[in-house]
Participant: 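My structure is below; once you've seen it, I'll send some questions.
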There are 2 protein chains.
Amino acid sequence: MTASPSTSRDMASSRIFETLKQDLIRGRFAAGEKLAISALKDHYRVGLSPLREALNRLAAYGLLEQVNQRGFRVPAMELEELDDIAGLRAQLECMALTQAFQAGDSEWESQVLAAHHRLRRADEHPEQVEEWEQAHLRFHRALLASCGSHWLLRFIKQLHDQFDRYRRLAPPNPAVRKALDRQHGELVELALSRDIRAARALLDDHIRLSHSVARGCCELPASDDDT
Amino acid sequence: MTASPSTSRDMASSRIFETLKQDLIRGRFAAGEKLAISALKDHYRVGLSPLREALNRLAAYGLLEQVNQRGFRVPAMELEELDDIAGLRAQLECMALTQAFQAGDSEWESQVLAAHHRLRRADEHPEQVEEWEQAHLRFHRALLASCGSHWLLRFIKQLHDQFDRYRRLAPPNPAVRKALDRQHGELVELALSRDIRAARALLDDHIRLSHSVARGCCELPASDDDT
DNA sequence: TTGAATGAAAAAATCGATTTTGTTGAGATG
DNA sequence: CATCTCAACAAAATCGATTTTTTCATTCAA
């Protein structure tokens, strides 16, 4: 929606990269599953070369694993790794939040407010899950955008994508969702008043809550089946 | 050397990935330079497909930039980005160091000592730069290895590679090198005595010193020439 | 009965050729 | 004289086919 309307159409390998990335995060493939390249080729209607380039990029990003001469597989999901991701995410995001509060100008405030507004709007249409997911990602990004560290934002994005892989396994929970949404609003207020200490505590809670929900769905982990 | 002798030879795309990665970190390409794919193909004696897969992985890793329909280019080097990389590196490594000290067992201590020994040995052969570079990377990795966070180590590695791109521009400076080497030894001692506070301060100094050296060579940045 | 050897079948990796897209410069146009 | 158009060219991206490697069912020997 904010994206420019017809900037320049991407090449096939970029399109298939984005599509596959979303499908991996949405959990359309089983954890540990081996990806049959020719099946992907048929399913997504792309050639081998763009597909393989996308798979290579996804492997470098950490959403796939590449085994020497035996193709690509979806990484296993382990409770231990979820804890790692969530813990690190909390630390890095709190770090970025502090810097964002210190460096944020009025333009940043505007973007945070705008992103929050879009998030609330997206909340009104529960059937459009992907719209909300995108708005949610963008809200968190807007909140930290002014931190001034390109690399920190990059890692946070990467961790968020990894985290979502786990979070998306959990069934929708209206009560939790409501609590998380209230926190979003409170984060906006704390951003405007530049209350770093309170905001850090709240963001940490926010991630901790998401973490515990995702954790509940990971308790009975799938076996290490292949194929 | 520690690597297994004949585990299983990698496929061409993995080999060209590692080779290109090293060449990028060593600064064999000019910052901002556009990579001519067919020239690379001839130079490294590989086919198009393995080469393109390697380029895609490097782009996802952040050592290359991919522009829509016009190939790959080496990222520009900017003082601002070096500051970002070094600052974040200091924060993340101090974070990992703390956790490593808390979780490290005697096996970790042994590995740190071993890595430090190899580093000192490599120091005796100033002509073999790459040996020392590898030993140096492994020492820092060993120091943080027991932190328990797979993702934190991953990001630190990535930042270290980025940092080295800048550091390698600087001409050798024996005095600085000596100071940095003394710090390595002190870090080992502090690791054995689990003095977290002193070690954090020292590691921060260590990175800050490297940073300022690299910074000196970045002052007069190259223009944005192409081709 | 077990376990190593074998050889088709399947899958991954790679290659060479084709298609698509971007770039450049000469000539036309205002 | 500046700008625009449009071939011809160069480079990137993609495709289809080939080569290499793994997998797995089967056979043969201990």
Side-chain angles (χ1 to χ4, degrees), chain A residues 4-21 23-24 29-30 32-61 63-75 223-227, chain B residues 4-21 23-24 29-30 32-61 63-76 224-227:
Chain A
S4 36
S6 66
T7 2
S8 67
R9 57 194 176 293
D10 295 324
M11 42 191 187
S13 77
S14 299
R15 271 186 290 107
I16 185 62
F17 172 81
E18 288 301 331
T19 308
L20 254 174
K21 178 176 168 185
D23 286 351
L24 285 164
F29 300 95
E33 179 182 350
K34 175 166 160 35
L35 294 185
I37 296 193
S38 66
L40 292 179
K41 187 174 80 78
D42 296 339
H43 180 47
Y44 291 105
R45 311 289 185 78
V46 287
L48 267 184
S49 311
L51 178 58
R52 286 191 59 88
E53 291 185 13
L55 292 173
N56 273 278
R57 284 202 251 172
L58 286 165
Y61 191 68
L63 279 171
L64 281 180
E65 285 169 3
Q66 185 167 26
V67 199
N68 226 330
Q69 298 298 108
R70 55 200 79 161
F72 298 84
R73 61 175 53 242
V74 181
S223 57
D224 291 2
D225 286 308
D226 299 0
T227 56
Chain B
S4 36
S6 65
T7 2
S8 67
R9 59 194 174 292
D10 295 323
M11 43 191 185
S13 79
S14 298
R15 271 187 290 109
I16 185 60
F17 172 82
E18 288 301 331
T19 308
L20 255 174
K21 179 179 168 184
D23 285 351
L24 284 164
F29 300 96
E33 178 183 350
K34 176 167 158 35
L35 295 184
I37 295 193
S38 66
L40 293 179
K41 185 175 80 78
D42 296 340
H43 180 47
Y44 291 105
R45 310 289 185 78
V46 287
L48 267 184
S49 310
L51 178 57
R52 285 192 60 88
E53 291 184 13
L55 292 173
N56 273 278
R57 284 201 252 173
L58 286 165
Y61 191 68
L63 279 172
L64 282 180
E65 285 169 3
Q66 185 167 25
V67 199
N68 226 329
Q69 299 296 108
R70 57 199 79 160
F72 298 83
R73 61 174 54 244
V74 181
D224 292 0
D225 285 308
D226 299 0
T227 57

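Only this structure's heavy atoms are used, side chains among them; waters, hydrogens and symmetry mates stay out. Labels below follow one simple rule: chain letters A, B, ... track the order of the sequence lines, proteins then strands, and each chain is numbered from 1.
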Participant: So if I take residues 44-55 of chain A and measure heavy-atom distances to DNA chain D, which residues fall below 4.0 Å?
Facilitator: A:G47, A:L48, A:S49, A:P50
Participant: Can you sort out the partners of A:R52 under salt bridge (charged side-chain N to carboxylate O under 4.0 Å, His left out), two or more places apart, ordered by chain and number?
Facilitator: B:E53
Participant: Tell me: NZ of A:K41 to C1' of D:dC15, nearest whole Å?
Facilitator: 9 Å
Participant: Rounding to a whole Å, what distance do you find between B:D42:CG and C:dG16:C1'?
Facilitator: 14 Å
Participant: Atom CD of A:Q66 to atom C1' of C:dA11: distance rounded to whole Å?
Facilitator: 14 Å
Participant: Identify, with sequence neighbours excluded, every residue that meets side-chain contact (heavy atoms from CB on, under 4.5 Å) alongside B:S49.
Facilitator: none
Participant: Can you name the nearest heavy-atom pair linking B:A54 to B:S13, along with the distance?
Facilitator: CB-O, 3.8 Å
Participant: From C:dT14, D:dA13, C:dA12, pick the nucleotide closest to the side chain of B:F72?
Facilitator: D:dA13
Participant: Provide the closest heavy-atom pair for B:L64 versus B:P75 in the form atom of the first, atom of the second, distance.
Facilitator: CA-CD, 3.9 Å
Participant: Taking 4.0 Å as the cut-off, does a side-chain nitrogen or oxygen of B:K34 come that near to OP1 or OP2 on D:dA12?
Facilitator: yes
Participant: Please list, pair by pair, any protein nitrogen or oxygen found under 3.5 Å from a nitrogen or oxygen in nucleotides 6-8 of chain C.
Facilitator:
none

Participant: Can you check whether B:M11 reaches A:Q69 side chain to side chain, under 4.5 Å on heavy atoms?
Facilitator: yes
Participant: Applying side-chain contact (heavy atoms from CB on, under 4.5 Å), name anything that partners B:S38, two or more places apart in sequence or on another chain.
Facilitator: none
Participant: Just to be sure I understand the rule, does A:I16 reach a base, reach only the sugar-phosphate, or reach nothing, if contact means heavy atoms closer than 4.0 Å?
Facilitator: nothing
Participant: Assuming nearest nucleotide by heavy-atom distance, tell me which of A:M11 and A:Q69 is located more 5' along DNA chain D.
Facilitator: A:M11
Participant: Answer whether the closest heavy-atom distance between the side chains of A:R57 and A:S14 falls below 4.5 Å.
Facilitator: yes
Participant: If we ignore angles and hydrogens, is there a donor and acceptor under 3.5 Å between the side chains of B:N56 and B:Y61?
Facilitator: no
Participant: Any idea which heavy atoms bring A:D10 and A:R15 closest together, and the distance?
Facilitator: O-NE, 3.9 Å
Participant: Measure CG/A:D10 against P/D:dA12 and give the value in whole Å, please.
Facilitator: 18 Å
Participant: Report yes if some heavy atom in the side chain of A:L20 is under 4.5 Å from a heavy atom in the side chain of A:L51; otherwise report no.
Facilitator: yes
Participant: Name the stems with DNA chain C in them: runs of three or more consecutive Watson-Crick or G-U pairs, distances under 3.5 Å?
Facilitator: C:1-30 with D:1-30
Participant: Would you indicate whether the side-chain heavy atoms of A:K34 and A:E65 approach each other to under 4.5 Å?
Facilitator: no
Participant: Return the value, rounded to whole Å, for the distance between atom CD1 of B:I37 and atom P of C:dC15.
Facilitator: 15 Å
Participant: Considering the options B:L58, B:L40, B:I37, B:V67, which one meets the side-chain contact (heavy atoms from CB on, under 4.5 Å) requirement together with B:F72?
Facilitator: B:I37
Participant: Within this structure, what is the CG-to-P distance between A:L35 and C:dA13, rounded to whole angstrom?
Facilitator: 12 Å
Participant: Can you check the A:N68 CG to C:dT14 C1' distance for me, whole Å?
Facilitator: 15 Å
Participant: Using whole Å, report how far CG of B:L40 lies from C1' of D:dA12.
Facilitator: 13 Å
